[in-house]
Amino acid sequence: MEHLDHPTGTDAPATDVLVSGAGIAGPALAYWLRRHGFTPTVVERAAGPRPGGQAVDLRGAGRTVIERMGLMERARALRVEQHGIALVDRRGRATARIPVGLFDGEGIVSEIEILRGDLADLLREATDGVEYLWDDTVTALDQDAGGVTVTFENAPARRFALVVGADGLHSAVRRLAFRPGNGDGTDGTEGAHYRPLGGCHAWFTVHDPALARELDGWFLMYNAPGGLVAGARPGRLPGEVKASLGLRRAPAAYDRRDTAAQRRLLAERFAGAGWEVDRLLAGMRTAGDFAFDTFGQVHLDHYSRGRVALLGDAGYSPSPLTGLGTSLALVGAYLLAGELAAAAGDFRTAFARYEELMRPYATRAQELPPGGLGGYAPDSALAIRLRAASMRWMGRWPLRPVLAAQFAKAGDIALPDYPLPARTLPARTA
């Protein structure tokens, strides 16, 4: 609820900021806030850091942010070595290949791909002195003229000057901050801002040394009729395969927390699909990092409401189909912290400026690549053959400039230079 003109609690220190979410966006924001003299606290529903995960791209302006953090050398040391992406048929024969260098390292597989957990760890380790509240989440937000009273599921309620939701596609902060009484006309549910694109996907780690060797450094992707997509790419550790399974048609309804039902769904849909799918399904049954979600985007009229702002997937998810979610998270964190510092405590001015800079970049990033979900998960055997043919032509006219424009969106923003105070802590060494 908002009561900005009627204080109900003591004023929170203007520098105290709660960040919900310890994935990519949250720790990146905490880093920049601390560099600018703020006191961030990060709350995360998970019981601790989540290891592994799929590979994410460091590209465009997101790469620039990592460079400005002084973390690029360490990020390169953690990257997953891949030659590129290849489509394969039912027997494992390559039908199309795109090497990693085709679009100057900014293509479907970028020059710097790093496991999500590794990047999150790298960012979190850079936030020395930041308080993390693990195994907890925000359950209520009560705004007034002096700050925000935050109620947690486990920890005692606390006061903060500002709250930032960096808690992903299904953001709890977004659900709480954009509800009746806040003047945005929504019903407070996820459906008010979440736009499904159709389809769903799962990703998990398979420990299969033989399959890892067979990949030979390539990200292999297999399409089967009915909109089935299976992928296997090298992990960073020996014998590790990062697997993914995608469906063009998502279940009509599912419980996001019922992973057993999600595994059964995938096992049923992919039974007998061909290629190495049976090996991936076998690994899926015991994978400790199994994750499942639908394809969707988040669209909001505003990225903030009172003293609450949204960052990354929580505010403008582009969907994994674009490959730009990590860039949006890193750039948004840099801009939000920088504008809060530049506004010297005037959060309204800072939030407005953050949105002014971020929205054009996020809007372009949300434009889907040619074919959209159908290009990722073609339905018929003919459509699958056409997809392979189009991939073979990606390095040639007329497709190359079209794809180059899609990949160039990651760098389609001029990042301001925000003055930083002198470090109060010594720089970390590798």
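Heads up: numbering here begins at 1 and tracks the sequence. Below, all heavy atoms of this structure are taken into account, side chains as well, without hydrogens, waters or symmetry copies.
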[atom1]/[X] to [atom2]/[Y] distance, rounded to the nearest 0.5 angstrom?
X	Y	atom1	atom2	result
Leu87	Thr95	CG	OG1	4.5 Å
Ile66	Arg59	CD1	CZ	14.0 Å
Leu115	Leu78	CG	CG	8.5 Å
Arg263	Arg285	CZ	CZ	10.5 Å
Asp208	Glu240	CG	CD	12.0 Å
Met394	Arg97	CE	CZ	15.0 Å

Stepwise side chain to side chain contact (heavy atoms under 4.5 Å, CB included) check, Ile114 with Val56: CA-CA 6 Å; Ile114 180 171; Val56 296; 4.1 Å; yes

Please name the pair of heavy atoms, one in [X] and one in [Y], separated by the smallest distance, quoted to 0.1 Å.
X	Y	value
Ala232	Leu280	CB-CD2, 4.5 Å
Val331	Ala61	CG2-CB, 3.6 Å
Pro40	Val130	O-CG1, 3.6 Å
Glu355	Asp301	OE2-O, 3.4 Å
Leu18	Val150	CD2-CG1, 3.7 Å
Met358	Leu328	CE-O, 3.4 Å

Inter- and intrachain pairs under side-chain hydrogen bond (donor to acceptor under 3.5 Å, both in side chains), touching residues 83-94, at least two apart: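 The answer is Asp89-Arg93.
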
Residue pairs, two or more places apart or on separate chains, that pass side-chain hydrogen bond (donor to acceptor under 3.5 Å, both in side chains) and touch residues 399-408: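 Every pair satisfying side-chain hydrogen bond (donor to acceptor under 3.5 Å, both in side chains) with a residue in residues 399-408: Gln406-Lys409.
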
Trp393 CH2: over 12 foreign heavy atoms closer than 6.0 Å: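 Check fails, neighbour count at 12 or below.
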
Over 12 foreign heavy atoms within 6.0 Å of CZ, Arg79: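 Yes, the 6.0 Å shell around CZ holds more than 12 heavy atoms from other groups.
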
Listed by chain and number, what are the salt bridge (Lys or Arg N to Asp or Glu O under 4.0 Å) partners of [X], not counting sequence neighbours?
X	answer
Asp118	Arg236
Arg353	Glu339, Glu356
Arg68	Asp417

Mind checking whether [X] and [Y] have side chains closer than 4.5 Å, heavy atoms only?
X	Y	value
Leu245	Val229	no
Ile108	Met391	yes
Glu214	Arg279	yes
Arg174	Val298	yes
Pro27	Tyr132	yes
Leu123	Ile24	yes
Trp32	Leu336	no
Gln366	Thr322	no

Counterpart residues, side-chain contact (heavy atoms from CB on, under 4.5 Å), relative to Pro234 (two or more places apart): Val80, Gln82, Leu215

For Ser304, side-chain contact (heavy atoms from CB on, under 4.5 Å) partners two or more places apart: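 Listed in chain order: Ala309, Phe351.
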
Excluding sequence neighbours, so at least two apart, what forms side-chain hydrogen bond (donor to acceptor under 3.5 Å, both in side chains) with [X]?
X	value
Tyr303	none
Arg269	none
Asp258	none

Using a 3.5 Å distance criterion without hydrogens, assess whether the side chain of [X] forms a donor-acceptor pair with backbone atoms of [Y].
X	Y	answer
Asn154	Asp135	yes
Arg34	Asp128	yes
Asn223	Tyr376	yes
Asp136	Glu153	yes
Tyr316	Ala329	no
Arg305	Phe178	no
Gln262	Arg256	yes
Glu44	Thr137	no

Residues Leu176, Val308; criterion side chain to side chain contact (heavy atoms under 4.5 Å, CB included); working and verdict: CA-CA 10 Å; Leu176 292 168; Val308 179; over 6 Å; no

Parallel, tilted or perpendicular: rings of Phe292 and Tyr254 (30°, 60°): perpendicular

Geometric class of the Tyr334/Tyr418 ring pair [parallel <30°, tilted 30-60°, perpendicular >60°]: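 Answer is tilted, since the angle falls between 30° and 60°.
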
Residue pairs fulfilling salt bridge (charged side-chain N to carboxylate O under 4.0 Å, His left out) with at least one residue in residues 383-394, sequence neighbours excluded: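 Counting only pairs at least two positions apart or across chains, no salt bridge (charged side-chain N to carboxylate O under 4.0 Å, His left out) contact touches residues 383-394.
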
Steps toward side chain to side chain contact (heavy atoms under 4.5 Å, CB included) verdict (Thr41, Asp16): CA-CA 8 Å; Thr41 299; Asp16 284 5; over 6 Å; no

Which donor-acceptor pairs under 3.5 Å do the side chains of residues 197-207 make with protein atoms, sequence neighbours left out?
from	atom 1	to	atom 2	distance (Å)
Thr205	OG1	Lys242	NZ	2.7
Thr205	OG1	Asp289	OD2	2.5

Residues Phe270, Leu247; criterion side chain to side chain contact (heavy atoms under 4.5 Å, CB included); working and verdict: CA-CA 9 Å; Phe270 278 89; Leu247 297 171; 3.6 Å; yes

Option among Thr15, Thr127, Val17 that satisfies the side chain to side chain contact (heavy atoms under 4.5 Å, CB included) test with Leu33: Val17

